[in-house]
Amino acid sequence: ANDELRRACQRAKDELKDDQVLKLDVITGLLRTDILERIRYVLEVLKPGAKTVVEALSILVRIARHSLESSSAILNHPSLLKVIADSFLPTTHFSFAKESSGAVNVYGTPVNIAVKLLRVVGSWSKSAALKVLSVGLIPQALLCYLSFDPAESRDSLPTFEGLRLVLESFRAWTVFLSYGLMQRQF
């Protein structure tokens, strides 16, 4: 009976127009309008400034927290997590650079909200956590950030940002450890 009810609800939801879905559930409506592909395009092709990057990643965190379905949509997007890992989770020397216009360029710099996104997506299940850790060099990046000393690295990142990065990395590591992952790295 529950399966029949679920299927009937899904059929009814599929018949709704986009604007009707948005009124009922904003996140489902956004996913239906290809928001993930749009965000990927903005991050990978347009390469916006720091504020836009942080806002885009914050939107993704909110989507990932909404439901297992929405988190799975992020996880199963063909290139979104790879773009984020390659752009905002470097494993080698990184620096907090300012462009000639004075805007901060976060590409090639660790962004704590990107680590938060990995944590939220990975927290849904062990299989999700395994898939997150298989993208790019995410385990190596987390290990790098866990050993990062913000007080000694003012040239790399401002102290406050460095502290937030280390804290978020510990939170992510805790999630992965809870599934028995990343135990051998230390």
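Along the sequence shown, residues carry numbers from 1.
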With ILVMFWY side chains joined below 4.5 Å, transitively, what does V45's cluster contain besides itself? Y41, V42, L46
Minimum heavy-atom separation for V115 and E168, please, with both atom names. CG1-O, 3.6 Å
State the OG-CD1 distance between S67 and I27, to the nearest 0.5 angstrom. 8.5 Å
Same apolar cluster (I L V M F W Y, side chains within < 4.5 Å links), L137/Y145: no
ILVMFWY cluster, L181 and V120 together (side-chain gap under 4.5 Å): yes
Could you tell me whether the side chain of K82 reaches within less than 4.5 Å of the side chain of D86, counting heavy atoms only? yes
Would you find a donor on one side and an acceptor on the other, under 3.5 Å apart, between the side chain of S87 and the backbone of I84? no
Would a 4.5 Å heavy-atom cut-off, applied to side chains only, mark E44 and L80 as touching? no
Other residues, nucleotides and ligands only: do more than 12 of their heavy atoms fall within 6.0 Å of CD on E37? yes
So P110 and F88, do their side chains get closer than 4.5 Å, heavy atoms only? no
Run the salt bridge (charged side-chain N to carboxylate O under 4.0 Å, His left out) test on R7 and E4 for me, step by step, so that the C-alpha distance in whole Å, both residues' side-chain angles and the decisive distance to 0.1 Å come before the verdict. CA-CA 5 Å; R7 277 184 251 139; E4 289 177 34; over 6 Å; no
Exercise: identify the closest heavy-atom pair between P150 and G162: CG-C, 3.5 Å
Min side-chain heavy-atom separation W124-L75 under 4.5 Å: no
Give, for atom CZ of R40 and atom CD1 of I35, the distance between the pair rounded to the nearest 0.5 Å. 12.5 Å
Linking I/L/V/M/F/W/Y whenever their side-chain heavy atoms sit closer than 4.5 Å, directly or via other members, would L130 and I74 fall into one cluster? yes
Taking all non-hydrogen atoms of both residues into account, name the closest pair between F176 and L142 and its distance. CE1-CD1, 3.6 Å
What is the minimum heavy-atom distance between A129 and G122, and which atoms define it? CB-O, 3.5 Å
Which atoms form the tightest heavy-atom contact between C144 and T91, and what is the distance? SG-O, 3.9 Å
Can you measure from CG (L133) to CD (Q140) and round to the nearest 0.5 angstrom? 9.5 Å
Whichever hydrophobic residues join L167 through chains of side-chain contacts under 4.5 Å: none
Start with the C-alpha distance between K47 and N105, add both sets of side-chain angles, then the distance that settles side-chain hydrogen bond (donor to acceptor under 3.5 Å, both in side chains), and finish with yes or no. CA-CA 9 Å; K47 297 189 186 240; N105 181 3; over 6 Å; no
Restricting to non-hydrogen atoms, name the atom on G108 and the atom on P90 that form the minimum distance, rounded to 0.1 Å. O-CG, 3.3 Å
State yes or no: do L57 and V26 share one hydrophobic cluster built from I, L, V, M, F, W and Y residues joined by side-chain heavy-atom distances below 4.5 Å, directly or via other members? yes
As an exercise, state the distance from CZ of R164 to CG of N112, rounded to the nearest 0.5 Å. 4.5 Å
Could you check if a side-chain atom of V166 sits within less than 4.5 angstrom of a side-chain atom of L146, using non-hydrogen atoms only? no
Beyond-backbone contact of H66 with S71, side-chain heavy atoms, under 4.5 angstrom: no
Interatomic distance, I63 atom CD1 to T28 atom OG1 [nearest 0.5 angstrom]: 10.0 Å
Under 4.5 Å between any side-chain heavy atoms of L117 and L81, yes or no? yes
Cluster link V132 to F170, ILVMFWY, side chain under 4.5 Å: yes
Report the distance from atom CG of L163 to atom CG of L165, rounding to the nearest 0.5 Å. 9.5 Å
Less than 4.5 Å apart, side chain to side chain, heavy atoms only: is that true for Y107 and L43? yes
